[in-house]
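Got a structure for you, questions after.
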Amino acid sequence: MVISQEERWIQNYQRYIYFIETHQALPSRHHPDDYQLLNWMKYNRRLWAKGKLPPERVDAFNKLLKMAKEYHKFNQFTYKSGKKVNKYV
């Protein structure tokens, strides 16, 4: 079965959201299982930054970037909704 490019994008978009909601973290470059999601995000972030992301995907991708920003990690702490949480405690 052949999947269209649009269907593949939607699948990866949903997988990324599912990963964040399940793990309460972003995919890590230190885990080989996460590489595919990381590469998908990097590629789409570049397209978005250059203004080449298709218009029908821009709103969805902006929502994903906002969601990802909430789970961005700094050192040993995770920031969720503006709150500092030590993940090692």
Side-chain angles (χ1 to χ4, degrees):
M1 183 176 151
V2 178
I3 300 175
S4 74
Q5 195 174 25
E6 183 66 23
E7 290 170 333
R8 186 178 303 272
W9 193 90
I10 291 169
Q11 280 181 347
N12 285 322
Y13 176 81
Q14 291 171 341
R15 285 181 59 220
Y16 203 91
I17 289 175
Y18 178 77
F19 185 94
I20 290 173
E21 289 174 346
T22 303
H23 299 284
Q24 299 292 307
L26 299 177
S28 171
R29 65 187 168 118
H30 301 289
H31 296 98
D33 295 342
D34 299 351
Y35 290 169
Q36 195 273 334
L37 287 175
L38 283 171
N39 288 334
W40 178 84
M41 179 57 118
K42 276 195 312 189
Y43 176 75
N44 282 283
R45 189 176 279 143
R46 284 187 194 131
L47 288 179
W48 175 80
K50 292 178 182 180
K52 294 182 178 181
L53 190 65
E56 61 274 7
R57 296 179 185 170
V58 171
D59 285 338
F61 194 70
N62 283 334
K63 289 177 188 174
L64 187 63
L65 289 174
K66 184 178 179 181
M67 185 179 195
K69 189 174 182 178
E70 291 179 25
Y71 292 99
H72 184 75
K73 293 183 180 178
F74 299 92
N75 300 325
Q76 73 270 26
F77 298 101
T78 302
Y79 290 78
K80 296 180 185 176
S81 304
K83 296 180 183 176
K84 185 175 175 180
V85 179
N86 187 339
K87 71 176 187 175
Y88 295 111
V89 175

First locate atom CG of Leu53, then atom CH2 of Trp9, and finally report the distance between them rounded to the nearest 0.5 Å. 6.0 Å
Starting at CE of Met41, measure out to CG of Leu65 and round the result to the nearest 0.5 Å. 5.0 Å
Can you sort out the partners of Ile10 under side-chain contact (heavy atoms from CB on, under 4.5 Å), two or more places apart, ordered by chain and number?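 Counting only residues at least two positions away or on another chain, Ile10 forms a side-chain contact (heavy atoms from CB on, under 4.5 Å) with Glu6, Gln14.
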Heavy-atom count around Glu56 CD within 6.0 Å, excluding the residue itself: above 12? yes
Walk me through it: do Asn12 and Arg8 pass the test side chain to side chain contact (heavy atoms under 4.5 Å, CB included)? CA-CA 6 Å; Asn12 285 322; Arg8 186 178 303 272; 3.8 Å; yes
At what distance, to the nearest 0.5 angstrom, does CZ of Arg15 lie from OG1 of Thr22?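 Nearest 0.5 Å value for the CZ-OG1 distance: 11.5 Å.
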Close side-chain approach of Met67 to Leu26, heavy-atom, < 4.5 Å: no
May I ask whether Val58 and Leu47 are part of the same hydrophobic cluster, defined by side-chain heavy atoms of I, L, V, M, F, W, Y residues being less than 4.5 angstrom apart, directly or through others? yes
Is Tyr43 linked to Ile17 within one hydrophobic cluster, defined over Ile, Leu, Val, Met, Phe, Trp and Tyr using a side-chain heavy-atom separation of less than 4.5 Å? yes
If two hydrophobic side chains count as joined below 4.5 Å and joins carry through other members, does Trp48 share a cluster with Trp40?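 Result: yes, single cluster for both.
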Just verifying a value: how many Å separate Tyr16 OH and Ile20 CD1, rounded to the nearest 0.5 Å?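 Answer for the OH-CD1 pair, Tyr16 versus Ile20, is 5.0 Å.
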Between atom CG of Asp59 and atom NZ of Lys63, what is the distance when rounded to the nearest 0.5 Å? 6.5 Å
Separation between CG of Asp33 and OG of Ser28, rounded to the nearest 0.5 Å: 10.5 Å
Let me see the working for Phe19 and Asp34 under side chain to side chain contact (heavy atoms under 4.5 Å, CB included), right down to the final yes or no. CA-CA 9 Å; Phe19 185 94; Asp34 299 351; 3.5 Å; yes
Assess whether atom OH of Tyr35 is packed by more than 12 heavy atoms of other residues, nucleotides or ligands within 6.0 Å.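 Atom OH in Tyr35 is crowded, with more than 12 foreign heavy atoms closer than 6.0 Å.
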